[in-house]
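Notes follow the structure.
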Protein chains: 2
Amino acid sequence: MEAVSFKEQQFKVREDLIVVAANRLLATKGFDLMTMEDVATAVGVSKGILYKHFASKETLAAAAMVRVLRGALAAIEALPAEQPAIAKLKAALAWTLQARLAGGVPLLPSSSPNLQRSLFSSPDYTAAAFRMNHVISTLVHEAVAQGHLRGDVPGEVVVNSLYSRTCDPAFDLLRATGRYTDDQLVEHLVSLCFDGLATRGGLVLTRAA
Amino acid sequence: MEAVSFKEQQFKVREDLIVVAANRLLATKGFDLMTMEDVATAVGVSKGILYKHFASKETLAAAAMVRVLRGALAAIEALPAEQPAIAKLKAALAWTLQARLAGGVPLLPSSSPNLQRSLFSSPDYTAAAFRMNHVISTLVHEAVAQGHLRGDVPGEVVVNSLYSRTCDPAFDLLRATGRYTDDQLVEHLVSLCFDGLATRGGLVLTRAA
DNA sequence: GTCTATATGTGGATAGAC
DNA sequence: GTCTATCCACATATAGAC
């Protein structure tokens, strides 16, 4: 009994190592270029063993996505409730960018039909993605209602823009220059996303009464 | 003489068809998922003939990139000189997004080392990319000097952000919903890029004297 | 120059020894 | 459960007929 439990535990630990390694590889090479061989050597096991844990490469990628989605959801829910919605949204984007710096966020969009099918046929993934979409949409609507987010653009457009900023290629390009600290990078990206590239040309800002 | 010239002309026309088809496929499937077979059937020729025009898949992709870069450069240079720099930058982004709607812009970033090497070993590509970088950087610095673009973010960061907006995945996702016209899509994306997601919370805008 | 057929390499997935 | 060896499908690139 004890031995079995221990082995099962080891199995779970290894599975987590596999997912973490896949995460990193997906973040750097993307789904199409990542090979199961890559994952195996990164973890230090043989290729065949991966299929004892995951039925296919797509299933493994789905597991990696779920891991990140759940982490992001937990981070958002851990934010102080008294924060206004826009602050939560900024924090969520910053968290995701930090996660990308740390271990990698496997959000590289591959248009592989196999992957798409596999993702949406995974209950874990669809549940996490649906929940994430709900949480972010709600925050966006709150922020609009509070006058902190522009109301002249459909909420859907805002949500998608936020999502795409988490996998902004500019982030990696700028990071590769080595001219910025991690915090500077995150700050710049978040600021550009929410405040835009432009000043308010010809206009000055006055505090409202 | 005439016959040879005609054949050469035909050859060039076909080459252009190949590049256009590759463009579209690169925009939809990306470099990794696009196969030479795809390109061949799209053009309506056999697979082998592609290698009479291009030495490799990477070379073909480079040609597609060069085509788009040159088109974008021409579009920027055709803008009225009296326009302020920020207007030119907005127009350039809008042009690229329109081009993406029309025929596709093959900017899907593949981290394939083969592709990277092939791109940077192509004089045509490096020249076009260098020139594009120069043109955009100059416009950004002008716009900052004119007070239209934020000066608190390094120019390099602004340039990279602009670049990454041209291949923003949100664009395709929103387009796929079918709820927006092409013009609305472009307008929203350009507006979000320059003006940001946020209102100026608690502030009202007053025109300067 | 264009096609058909094929050589070559690679990567996902499986079989079988231990 | 883990490894080694292998199968199979597919994609790049080439060879050879016409």
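Reminder, nothing fancy here: chain letters follow the sequence lines and each chain counts from 1.
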Closest listed nucleotide, where the reference is the side chain of [X] and the choices are [options]:
X	options	answer
A:Thr35	C:dT4, C:dG12, D:dT12	C:dG12
B:Lys47	C:dT2, C:dG12, C:dT6	C:dT6
A:Tyr51	D:dT2, C:dA13, D:dC3	C:dA13
B:Lys57	C:dA13, D:dT12, C:dT2	D:dT12
A:Ser46	C:dT2, D:dT2, D:dC3	D:dC3
A:Ile49	D:dA13, C:dG1, D:dG1	D:dG1
A:Glu58	D:dT12, C:dT2, C:dA13	C:dA13

Take atom [atom1] of [X] and atom [atom2] of [N], then tell me their distance rounded to the nearest Å.
X	N	atom1	atom2	value
B:Met34	D:dA11	CE	C1'	12 Å
A:Asn114	D:dA9	CG	P	15 Å
A:Leu33	C:dG11	CG	P	9 Å
A:Gln9	D:dG1	CD	C1'	17 Å
B:Lys52	D:dA13	NZ	P	15 Å
A:Phe31	C:dG11	CZ	P	14 Å
A:Met36	D:dC3	CE	P	14 Å
B:Leu50	C:dG1	CG	P	15 Å

Seminar exercise, completed: Note: A:Ser46 and A:Ile49 closest approach over all heavy atoms is O-CG2, 3.0 Å
Problem set entry | Closest contact, heavy atoms only, B:Asp32 versus B:Ser112 | OD1-CB, 4.1 Å
For this session: Among A:Lys88, A:Arg131, A:Arg70, find the one that has a salt bridge (Lys or Arg N to Asp or Glu O under 4.0 Å) with A:Glu77.
Result: A:Arg131
For this session: Please check if any side-chain donor atom of A:Ser191 sits under 3.5 Å from a side-chain acceptor atom of B:Arg150, or the reverse.
Result: yes
For this session: Using only side-chain N and O atoms of B:Arg14, determine if any of them is under 4.0 Å from OP1 or OP2 of C:dG1.
Result: no
Problem set entry | Salt-bridge present (A:Glu156, B:Arg179; N to O < 4.0 Å) | yes
Exercise. Quick one: on DNA chain C, does A:Ala55 or B:Val45 contact a more 5' nucleotide (nearest heavy atom)?
Worked result: B:Val45
